[in-house]
Asks: 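Supplied in structure tokens, the structure appears directly below.
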Amino acid sequence: MASSTVSSWMIGSCMSVPGAKEHELHGFFGIYKSKCKWAIPSKTTKGVFINSKSNNPLTFPISSSFLSQPNRTITGFSSSNSCFLFTGSAATRPPTKTISSPQTGEVMAIASQSAMEAAPKKKPPTKERRVVVTGMGVTTPVGHDPHTFYENLLEGVSGISEIEAFDCSQYPTRIAGEIKSFSTDGWIVPKLSKRMDKFMLYMLTAGKKALSDGGITEDMMNELDKRRCGVLIGSAMGGMKVFNDAIEALRVSYRKMNPFCVPFATTNMGSAMLAMDLGWMGPNYSISTACATSNFCILNAANHIIRGEADLMLCGGSDAAIIPIGLGGFVACRALSQRNTDPSRASRPWDSNRDGFVMGEGAGVLLLEELEHAKQRGATIYAEFLGGSFTCDAYHMTEPHPEGTGVILCVEKALAQSGVTTEDVNYINAHATSTPAGDLKEYQALVHCFGQNPELRVNSTKSMIGHLLGAAGAVEAVATIQAIRTGWVHPNINLENPDEGVDTNILVGPKKERLDIKVALSNSFGFGGHNSSILFAPYK
């Protein structure tokens with residue numbers, strides 16, 4: 001009886017209560033009035049507090065005279081736009097659980113069992129929402145638009161050269177996939193262009209280029225429901241240059257520090273600034289999972305569309321770590337190639353003479369869109385996003401699992417989640433960074449998953465542009481989509497002496513090859529054992 005009586009109070013939500021009077025209630029966040037109403041007490045439920053402004057469980061200090069009455073208890077829980085509190089004696093109240101607020105130390109009561117039972121068990125079935133790619137933008141060492149970028153990849157053009165941005169003559173590694181010329185003219189206002197870290201400049205430029213490539217004109221932008229448009233572009237390293245400059249200024253005085261040094265160093269601020277520029281009010285954040293960052297962002301962005309939370313999402317990654325502290329840090333990890341006398345041949349995935357990866361920089365951004373939304377506005381559809389997966393090696397900070405279990409699990413989960421069989425996949429853009437252990441472990445995992453598929457072709461974009469860290473996955477996703485669109489897969493350059501046990505019949509050779517792609521998979525893995533696999537296919 002007590003449970004049913006208490007549950008009956010829940011049905012009221014934000015409706016007015018007969019005979020209720022407005023009161024001021026002193027809470028943690030100030031004085032609440034006009035929206036706060038106390039119900040006339042009944043035999044079993046002494047009072048109900050309704051706050052239509054609150055979305056979260058809250059506790060409010062009630063007057064001492066109220067609380068001093070015997071056997072008074074307070075329970076709170078929330079619905080989408082309302083907060084209920086009710087009181088009752090110990091003999092009549094339903095069972096509750098309590099938790100402590102880490103901010104206040106107050107005890108919070110959460111929804112009672114009877115209340116939970118009154119809620120629906122599952123959401124009603126909804127129509128499946130498909131996700132397509134309708135725009136792409138890149139900033140890379142071999143091109144600043146998808147067409148130029150991919151044409152150079154098909155021709156085997158290397159973007160790796162000696163570092164020119166600073167004097168690195170004393171470093172054991174003096175080469176990188178460095179962007180030699182880059183302009184923000186027409187994309188970013190000069191005032192911001194001077195203040196922002198390069199990773200943010202690359203991101204904003206690539207993001208706006210993706211919109212332009214997707215046919216989002218100014219007139220069309222005005223027609224979009226911006227509440228359903230989001231940005232999810234991440235970074236592995238964030239604003240390293242801005243933060244490093246702040247440290248140098250601090251050596252003199254904190255007064256010399258740039259007031260923008262904190263916001264412009266954080267990884268989320270690129271997505272935030274882009275959203276401010278566009279007025280997009282949908283999901284907006286960043287993910288940082290080292291060199292798997294972009295794939296994590298792309299898959300999460302697609303999920304926002306699939307769940308009906310957005311219709312368009314700009315997603316991808318950006319990094320600009322070719323500065324003294326960035327180069328020095330990776331040198332200290334002993335992760336970089338030292339083939340300084342022959343930069344264009346330094347990145348050589350699966351070659352037995354590889355000696356580490358080559359740092360790169362840049363950004364890649366995809367415009368993902370719900371299929372019907374794209375069709376309605378007449379967008380050009382480049383490919384369909386099928387799905388993907390994440391796993392963790394749970395093994396070592398920088399070394400891959402010796403059995404490749406995390407990678408195998410990731411690929412298998414991605415295929416299952418996307419409804420794709422191993423026979424469907426005939427192209428893989430591998431993570432393959434040109435490290436001694438990583439390349440071979442990934443190859444073995446792919447052979448384990450896909451067997452001896454005679455149609456399978458595998459390549460590594462990093463052989464030409466180096467490792468773009470958090471941007472790698474997005475830039476390689478663009479390469480993957482361009483392969484689907486053009487019917488050509490780019491070569492693996494510098495693969496002269498393959499590792500023992502590596503079947504070169506699976507790997508693309510030194511020249512571009514024709515391939516009618518059925519399903520393409522793109523892998524990205526990161527320090528910490530983060531694994532990610534995403535799948536694209538021609539739109540049909």
Side-chain angles (χ1 to χ4, degrees), residues 291-292 295 347-354 357 386-396 399-463 467 472-473 476-477 479-480 483 489-510 513 515-526 529-537:
C291 303
N295 276 12
S347 185
R348 43 202 313 116
W350 300 296
D351 188 86
S352 58
N353 293 317
R354 64 190 183 279
F357 76 83
L386 300 183
S389 178
F390 317 129
T391 62
C392 180
D393 280 350
Y395 171 72
H396 191 272
E399 292 296 317
H401 193 285
E403 304 300 324
T405 51
V407 174
I408 292 170
L409 178 62
C410 188
V411 171
E412 290 178 343
K413 285 178 63 179
L415 295 175
Q417 192 273 336
S418 306
V420 171
T421 67
T422 54
E423 292 76 18
D424 293 330
V425 178
N426 63 341
Y427 172 57
I428 297 174
N429 189 298
H431 180 64
T433 61
S434 187
T435 56
D439 292 7
L440 191 56
K441 295 304 176 186
E442 181 182 13
Y443 171 84
Q444 291 169 346
L446 294 178
V447 171
H448 174 91
C449 292
F450 296 96
Q452 302 300 318
N453 184 348
E455 296 183 20
L456 185 63
R457 310 301 290 151
V458 181
N459 62 12
S460 172
T461 305
K462 294 180 181 72
S463 64
H467 192 350
E476 289 158 17
T480 301
V489 292
H490 69 68
N492 286 306
I493 69 170
N494 304 323
L495 182 54
E496 298 165 352
N497 299 295
D499 259 330
E500 184 178 350
V502 171
D503 182 2
T504 54
N505 291 321
I506 295 176
L507 303 179
V508 181
E513 297 180 12
L515 185 63
D516 181 16
I517 296 174
K518 295 186 292 185
V519 175
L521 179 143
S522 181
N523 283 336
S524 283
F525 314 134
H530 302 295
N531 306 308
S532 61
S533 299
I534 55 177
L535 294 105
F536 299 92

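It should be emphasised that the depicted structure is a prediction, and the values quoted were computed from it without experimental measurement.
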Asks: Got Asn353 and Asn497 here, is their nearest side-chain heavy-atom distance under 4.5 Å?
Replies: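 In contact.
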
Asks: Once you measure the plane-to-plane angle for Phe357 and His467, does it fall in the parallel (<30°), tilted (30-60°) or perpendicular (>60°) bin?
Replies: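 Perpendicular.
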
Asks: Should Ile534 and Asn295 count as side-chain neighbours, where that means a heavy-atom distance under 4.5 Å?
Replies: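 A side-chain contact under 4.5 Å exists here.
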
Asks: Can you find a heavy atom in the side chain of Val447 that is under 4.5 Å from one in the side chain of Asp503?
Replies: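 No - every pair of side-chain heavy atoms lies 4.5 Å or more apart.
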
Asks: Do the non-hydrogen side-chain atoms of Pro349 and Ser463 ever get within less than 4.5 Å of each other?
Replies: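 With C-beta onward as the side chain, the pair touches.
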
Asks: Measure across Ser524 and Cys291 and return the closest heavy-atom pair with its distance rounded to 0.1 Å.
Replies: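 Heavy atoms only, the tightest pair is CB-O, 3.8 Å.
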
Asks: Taking all non-hydrogen atoms of both residues, which atom of Val508 and which atom of Pro491 are closest, and how far apart?
Replies: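 Of all heavy-atom pairs spanning Val508 and Pro491, the closest is CG1-CA, 3.8 Å.
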
Asks: What closest approach, in Å, do Tyr395 and Pro400 show between heavy atoms, and which atom pair accounts for it?
Replies: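 Shortest heavy-atom separation between Tyr395 and Pro400 comes out as CE2-O, 3.5 Å.
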
Asks: Taking atom types as modelled, is there a side-chain donor on Asn492 or Ser460 under 3.5 Å from an acceptor on the other?
Replies: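 Distance-only check fails for Asn492 and Ser460.
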
Asks: Would you say the side chain of Leu521 lies within less than 4.5 Å of the side chain of Phe450, judging by non-hydrogen atoms?
Replies: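 In contact.
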
Asks: Do Lys441 and Val407 come within less than 4.5 Å of each other through their side chains, counting heavy atoms only?
Replies: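 Contact flag for Lys441/Val407 side chains = no.
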
Asks: Closer than 3.5 angstrom, by distance alone: can the side chain of Glu442 be matched with the main-chain N or O of His431 as a donor-acceptor pair?
Replies: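 Flag set: sc Glu442 to bb His431 pair under 3.5 Å.
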
Asks: Looking only at non-hydrogen atoms, find the nearest pair between Asn494 and Ser347 and report the distance.
Replies: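 Looking at all heavy atoms of both residues, the shortest contact is ND2-O, 2.9 Å.
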
Asks: Nearest 0.5 angstrom please: Leu456 CG to Leu507 CG, how far?
Replies: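 Result: 9.0 Å between the selected atoms.
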
Asks: Spell out, as yes or no, whether a donor-acceptor pair under 3.5 Å connects the side chain of Ser532 to the backbone of Phe390.
Replies: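 No, Ser532 side chain to Phe390 backbone: no donor-acceptor pair under 3.5 Å.
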
Asks: Looking only at heavy atoms, which two atoms of Val489 and Leu515 are closest? And how far apart?
Replies: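 Shortest heavy-atom contact: CG1-CD2, 3.9 Å.
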
Asks: Output side-chain donor-acceptor pairs under 3.5 Å for residues 410-420, partner residues at least two apart or in another chain, one line each.
Replies:
from   : atom 1 : to     : atom 2 : distance (Å)
Gln417 : OE1    : Gly388 : N      : 3.1
Ser418 : OG     : Ala414 : O      : 2.8

Asks: So Phe525 and Asp393, do their side chains get closer than 4.5 Å, heavy atoms only?
Replies: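 The answer is no; the side chains never approach within 4.5 Å.
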
Asks: Would you say His401's side chain and Gly406's backbone share a donor-acceptor pair under 3.5 angstrom?
Replies: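 Between the backbone of Gly406 and the side chain of His401 there is no qualifying donor-acceptor contact (under 3.5 Å).
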
Asks: Keeping Ser533 on the side-chain end and Ser389 on the backbone end, is there a donor-acceptor pair under 3.5 Å?
Replies: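 Such a contact is absent between Ser533 side chain and Ser389 backbone.
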
Asks: Just wondering, do Tyr443 and Ile506 contact through their side chains at under 4.5 Å, heavy atoms?
Replies: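 The answer is yes, as the side chains (C-beta and beyond) meet within the 4.5 Å cut-off.
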
Asks: Rounded to the nearest 0.5 Å, how far does CZ of Arg354 lie from CG of Leu495?
Replies: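 If we round to the nearest 0.5 Å, Leu495:CG and Arg354:CZ are 9.5 Å apart.
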
Asks: Is it true that a side-chain atom of Arg348 and a backbone atom of Ile493 form a donor plus acceptor pair closer than 3.5 Å?
Replies: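 It does not hold such a pair.
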
Asks: Less than 3.5 Å apart, which donor and acceptor atoms pair up between the side chains of residues 423-430 and the rest of the protein, not counting sequence neighbours?
Replies:
from   : atom 1 : to     : atom 2 : distance (Å)
Glu423 : OE1    : Thr421 : OG1    : 3.4
Asp424 : OD1    : Thr421 : OG1    : 3.3
Asp424 : OD2    : Thr421 : N      : 3.0
Asp424 : OD2    : Thr421 : OG1    : 2.9
Asn426 : OD1    : Lys518 : N      : 2.9
Asn426 : ND2    : Asp516 : O      : 3.0
Tyr427 : OH     : Asn429 : ND2    : 3.3
Tyr427 : OH     : Asn459 : OD1    : 2.8
Tyr427 : OH     : Asn459 : ND2    : 3.3
Asn429 : ND2    : Thr461 : OG1    : 2.9

Asks: When rounded to the nearest 0.5 angstrom, what is the spacing between OG1 in Thr480 and CG in Leu535?
Replies: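 Nearest 0.5 Å value for the OG1-CG distance: 10.0 Å.
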
Asks: By salt bridge (Lys or Arg N to Asp or Glu O under 4.0 Å), which residues pair with Glu476, not counting sequence neighbours?
Replies: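 Glu476: salt bridge (Lys or Arg N to Asp or Glu O under 4.0 Å) contacts with Lys462.
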
